[in-house]
Amino acid sequence: MRAQENDPTFTINIGNSRKTSCFLNQKYNCRVVRYLAQGRRVLDCSCHVGPFGLNAAGDATYVRGVDISDITLELAQNKARLNKENGSVDPKTPIDFTCADTVDYLPKHAHDRDFPRAESGPFDLISLDPPAFTKSKGSLNHAKKGYEEIDEAAVHLLPCGGYLATCSCSHFTTQELLSEAIQTAAHHMKNVRLRQIELR
């Protein structure tokens, strides 16, 4: 079965899958990312089957998706191919995928001066939609630290004027906690000012 989210088309397995891989609560977030991605190079971390990356690819100049699951990335590659064929994504827009854990990938490259050169340029927009860092109220401090670490690493990779789209899918992670995590990440970095342009 196929479904359309904004412009991209996604294949959904309803009968044989625990998850459909179509997260309807992110539809409008993906639309905003696509708007911000115009003419930009996009790094989509914890990309799963690619909703943020494929939405961004409609107007971005380059997209790299990163996810820990090679099986999931195979689905994302198939979806990228499908959307290039049906015209939802410009066939000339390069879309690459890397199998890695975002929690390791971002800090590893945050201080690597050769990383932008190896990627043929810096990423202007980074989206973060990691799996839930907590499944209970008792581990909220651990979750906050996790968000701080990946947000700080992502901001390190962004050039001045770049965009960070950071999400939480944990029921117990409040808006206040996520906001505090971002503020703490910014505080740890010198000469960096973040400006919130969207809250959803």
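The model shown is predicted, which means the values in this text are computed figures rather than measured ones.
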- Is there side-chain contact between I68 and T102, with at least one heavy-atom pair below 4.5 Å? no
- Query: Ignoring hydrogens and geometry, is there a side-chain-to-backbone donor-acceptor pair from D151 to A185 under 3.5 Å?
  - Reply: no
- Task: Kindly compute the distance separating CD1 (I126) from CG (L43), expressed to the nearest 0.5 Å.
- Result: 5.0 Å
- Test item: side-chain donor near acceptor, D59 and Y35, under 3.5 Å: no
- Task: Please report the C-alpha distance between V42 and D124 in whole Å, then the side-chain angles of each, then the deciding distance to 0.1 Å, and finally whether the side chain to side chain contact (heavy atoms under 4.5 Å, CB included) criterion is met.
- Result: CA-CA 6 Å; V42 176; D124 311 296; over 6 Å; no
- Query: So do the side chains of C45 and L106 get within less than 4.5 Å of each other, counting heavy atoms only?
  - Reply: yes
- Item | Pairwise distance NE2(H188) to NE2(H156) - rounded to 0.5 angstrom | 10.0 Å
- Query: So L178 and Y147, side chain to side chain contact (heavy atoms under 4.5 Å, CB included) or not? Walk me through it.
  - Reply: CA-CA 7 Å; L178 194 60; Y147 289 116; 3.9 Å; yes
- Task: Look at R200 together with E198 and state whether they make a salt bridge at an N to O cut-off of under 4.0 Å.
- Result: yes
- Message: Checking the side chain of D67 only, and the main-chain atoms of H48 only, is there a donor and an acceptor separated by less than 3.5 Å?
- Response: yes
- Are there more than 12 heavy atoms of other residues, nucleotides or ligands under 6.0 Å from atom CD1 of I197? yes
- Item | Shortest non-hydrogen separation from S69 to C99 and the atoms involved | C-SG, 4.2 Å
- Just by modelled atom types, is the L36 backbone N or O under 3.5 Å from a matching donor or acceptor in the R40 side chain? yes
- Message: Just so I know, are the side chains of N29 and V32 near enough to count as touching, which here means a heavy-atom distance under 4.5 Å?
- Response: no
- Note on the structure: In this structure, CG of N83 is separated from CG of N78 (nearest 0.5 Å) by 11.0 Å
- On a heavy-atom basis, the closest approach of A60 and T93 is O-CG2, 3.6 Å
- At what distance, to the nearest 0.5 angstrom, does CG of L73 lie from SG of C47? 5.0 Å
- Query: Salt-bridged, E149 to K145, with N to O below 4.0 Å?
  - Reply: yes
- Query: Judged by atom type as modelled, is there a donor-acceptor pair below 3.5 Å linking the side chain of R41 to the main-chain atoms of E119?
  - Reply: yes
- Item | L54 versus V49, closest heavy-atom pair with distance | CD1-O, 4.3 Å
- Can you tell me how far OG1 of T166 sits from CG of L128, rounded to the nearest 0.5 angstrom? 4.5 Å
- To the nearest 0.5 Å, how far apart are CD in Q77 and CZ in R81? 7.0 Å
- Item | N55 versus C30, closest heavy-atom pair with distance | ND2-CB, 3.5 Å
- Output every pair passing salt bridge (charged side-chain N to carboxylate O under 4.0 Å, His left out) with a member in residues 43-54, not counting sequence neighbours, ordered by first then second residue. none
- Message: In terms of relative ring orientation, are Y105 and F115 parallel, tilted or perpendicular, with 30° and 60° separating the classes?
- Response: perpendicular
- Minimum side-chain heavy-atom gap D90-K84 below 4.5 Å: no
- Message: One pair to check against side chain to side chain contact (heavy atoms under 4.5 Å, CB included): S120 and Y62. What are the steps and the verdict?
- Response: CA-CA 10 Å; S120 301; Y62 176 76; over 6 Å; no
- Query: Quick one: do the S179 and Q183 side chains pair a donor with an acceptor below 3.5 Å?
  - Reply: yes
- Query: Tell me, do F123 and L157 make a side-chain contact under 4.5 Å, heavy atoms counted?
  - Reply: no
- Considering all heavy atoms, the nearest V33-A165 contact: CG2-CB, 4.0 Å
- Note on the structure: Nearest heavy-atom approach of P130 to S46 is CA-OG, 3.5 Å
- Query: Under 3.5 Å, is there a donor-acceptor pair linking the side chains of S88 and N86?
  - Reply: yes
- Item | Under 3.5 Å side-chain donor-acceptor pair for R64 and T98 | yes
